[in-house]
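Numbering starts at 1 and runs along the sequence shown. Treat the numbers as computed from the prediction; the structure is a model and nothing was measured.
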Amino acid sequence: MTGTPARTLLLWCPDWPVLAAEIVDGVPATGPVAVLHANRVVACSERARAEGVRRGLRKREAQGRCPQLTVVDYDPGRDARAFEPVVAAVEELVAGVEVVRPGACAVAARGPSRYLGGEEAAAERIIEHVAQSCLVESQVGIADGVFAAGLAARSGRVVPPGGTPEFLAGLPVEALGRSALADLLRRLGVRSLGDFAALPAGDVLARFGFDGALAHRLAAGRDHRPLAVRQPPADLTVTAEQDEPIDRVDVAAFVARALAEQLHERLAGHGLACTRLGIEAVTEHGQELHRVWRHDGLLTAAAIADRVRWQLDGWLSGSSGRTGARPARPTAGIIRLRLIPDGVIAQAGLQAGLWGETGEERERAHRALSRVQGILGPEAVVTAVLGGGRSPADQVRLVPWGDERLPTRPGPAPLPGEPIARPDPAPLPGAPIARPGRALLSGESIASGGGRAVSAGRPADHSAGGVPPWPGRLPAPAPAVVLPSPLAATVHDAAGEAVVISARLAVSAPPARLVVGTGRPAEIVGWVGPWPVDERWWAPAEARRRARFQVCLADGTALLLAVEGGQWLVEAIYD
């Protein structure tokens, strides 16, 4: 391990987790944004840094410094997917790219500098190409070794050959990226990489171990790690050009079958199988059509052909045009058809069910629902996904059939098969604010704290695995029916006066009668609450404050009520 490290060109995209959240999730990176992992900030936008937000801050402290802060959960998969087009853009100019991490990639500087007219010219050309191709700002650093090139990229600097040790000597020890080692070196009086590099290598190995010895080599500019060159992904897309435009479904089905076989053979040649299929069509008049199909298993050649045929049938029959804003069918026949394996996995077969195959009935149902989607669009068939949230409506997300069943909010969801007990017909004596934890459900006890404010603690919950629930979430059981739009209601006490809730959550009188809309009054025989929720109080435009009650009527109906801005609402119905 002697000699000079190889000249390395490293491209770095500042605040990449924030930019990835904007690219994938649409979070505006120009505003104050922070990406959190384990309740600490791992990246933030420039606007957030101007407000005092820094890496390592806890969520509460970051929001205290910037009340308008938009918080995004850290997702390394999202960062990697968003960075793939940037790497592909770099590979259009140079070969042998290594992805150091999402947001940074490196190449050997020798080749680009030769055919692009020097190192500085190569850096400018790559930055310009990435900006034009991906609309992403980036910086390039060139130095001897990947470590020094990464530090040079922070300031967009080209370190001359042989000048890397001098460049590193003036940097603080925190540049090593090892917080524990940097803290220990600081306490020992070693404050810069030059001071650390001046220590004897044997003493560093004996005192700090192997990782410390590796950091010592990096600080001295002796980074001899070779680049792990990335292999560009194979082009798996298949295309069929038609001399005569296709305007009949039977002809389209014949083309779809041949193209599906070609795609399946190409995937099999790489040991891959398709789970998400993109279908693109171009008409004779230049109209472009696109649809993505998802599947919870592996798409066989026959399954690919079926989906292409269904989609072409939906386009050519004109049934997918459900609005008058666009033509009901293409303006001309299809002259080009492309199949894009948008999601692939290693071909390892499917795990059979406990009692054998997954069943023909399930496959027939899946084919029927997919056929409906091909005619009416993916949003025509949806399924419910449970997730986190404070109200029953927040915990359910409708996703198109075949899409990934991922919740929009993290956190435990109510148990799907949890039994719903009958409410206690006897009303609670006295004001419920004095006993916020009294259970409404017969035979069940809601732990004390159910009626506390959000800032006072978390209410008890019966979520699986003992994972703490969302603060302010209603206790189990969950309601059976969640109304798409809450119904306006009025609640009166025994004297006929309207029941009001004070700012301190004091109930003016026990609820006695409920009127939903223009219906007849119903007697309330049992009730419990309030459960308050004060959401996003730091953002006035998004702030929401409400209190929720569970009530039981004389006919046995149990309802979830909410009062917000002085208005009573019926949100859900218990079974």
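- The shortest non-hydrogen separation linking P341 to L236 is CG-CB, 3.5 Å.
- Of all non-hydrogen atoms in C13 and V136, the two that sit nearest each other are SG-CG1, 3.8 Å.
- Summarising the geometry, atom CG belonging to L199 is positioned 9.0 Å from atom CG belonging to L188; distances are rounded to the nearest 0.5 Å.
- With Q139 contributing its side chain and A153 its backbone, the two residues share a donor-acceptor pair below 3.5 Å.
- From L93, atom CG reaches atom CD of E128 across 10.0 Å, with rounding to the nearest 0.5 Å.
- Contact annotation: the side chain of L214 approaches that of R178 to within less than 4.5 Å [non-hydrogen atoms, C-beta and beyond].
- Between R40 and K59 the shortest side-chain heavy-atom distance does not fall below 4.5 Å.
- Around CD of E46, the count of heavy atoms belonging to other residues, nucleotides or ligands within 6.0 Å does not exceed 12.
- No more than 12 heavy atoms of other residues, nucleotides or ligands shown are found within 6.0 angstrom of CD on E120.
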Residues L184, R207; criterion side-chain contact (heavy atoms from CB on, under 4.5 Å); working and verdict: CA-CA 11 Å; L184 179 56; R207 177 62 178 83; 3.9 Å; yes
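- Separation of atoms CG (D534) and CZ (R546) is listed at 10.0 Å; rounding is to 0.5 Å.
- Looking only at side-chain heavy atoms (C-beta outward), R78 and V72 come within less than 4.5 Å of each other.
- A donor-acceptor pair is defined here as one N or O able to donate and one able to accept, closer than 3.5 Å; no such pair exists between the side chain of E280 and the backbone of H290.
- Here the CG atom belonging to L36 is positioned 7.5 Å from the CG atom belonging to D73, to the nearest 0.5 angstrom.
- Side-chain contact between V100 and W12 is absent, with no heavy-atom pair separated by less than 4.5 Å.
- Among all heavy-atom pairs drawn from A29 and S45, the shortest one is O-CB, 3.5 Å.
- For the pair R58 (side chain) and N39 (backbone), a donor-acceptor distance under 3.5 Å is absent.
- The structure places CG of L69 at 10.5 Å from CZ of R47, a figure rounded to the nearest 0.5 Å.
- A donor-acceptor pair is defined here as one N or O able to donate and one able to accept, closer than 3.5 Å; such a pair exists between the side chain of R545 and the backbone of A503.
- Under a 3.5 Å cut-off, the side chain of D144 and the backbone N or O of G162 do form a donor-acceptor pair.
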Derivation of the side-chain contact (heavy atoms from CB on, under 4.5 Å) call for W16 and I23: CA-CA 10 Å; W16 181 252; I23 295 171; 3.9 Å; yes
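- To the nearest 0.5 angstrom, H37 atom NE2 is 11.0 Å from D75 atom CG.
- In plain terms, the two heavy atoms of L263 and L339 that are nearest each other are CD2-CB, 3.9 Å.
- Of the possible donor and acceptor atoms, none in the side chain of R548 sits under 3.5 Å from a partner among the backbone N and O of V563.
- Counting heavy atoms of neighbouring residues, nucleotides and ligands inside a 6.0 Å radius, atom CZ of R125 does not exceed 12 of them.
- By the salt bridge (Lys or Arg N to Asp or Glu O under 4.0 Å) test, E119 pairs with R7, sequence neighbours left out.
- The environment of OH in Y115 is crowded: more than 12 heavy-atom neighbours from other residues, nucleotides or ligands sit within 6.0 Å.
- Judged purely by atom type and a 3.5 angstrom limit, S133 has no side-chain atom pairing as donor or acceptor with the backbone of V130.
- At distances below 3.5 Å, at least one donor-acceptor pair connects side-chain atoms of R55 with backbone N or O atoms of V42.
- With hydrogens and angles disregarded, no donor-acceptor distance shorter than 3.5 Å links the side chain of H129 to the backbone of V90.
- Contact check for R186 versus P172: side-chain heavy atoms found under the 4.5 Å cut-off.
- Two residues are said to be in side-chain contact when any heavy atoms from C-beta on lie closer than 4.5 Å; E22 and V33 fail this criterion.
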From CA spacing to verdict: side-chain contact (heavy atoms from CB on, under 4.5 Å), R222, F147: CA-CA 9 Å; R222 298 193 300 271; F147 173 71; over 6 Å; no
Evaluation steps, side-chain contact (heavy atoms from CB on, under 4.5 Å), between F208 and H216: CA-CA 10 Å; F208 302 106; H216 182 256; over 6 Å; no
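- The nearest pair of heavy atoms linking P5 to D223 is CB-O, 2.9 Å.
- Annotation for L11 and S138: closest pair CD1-OG, 3.7 Å, computed over non-hydrogen atoms.
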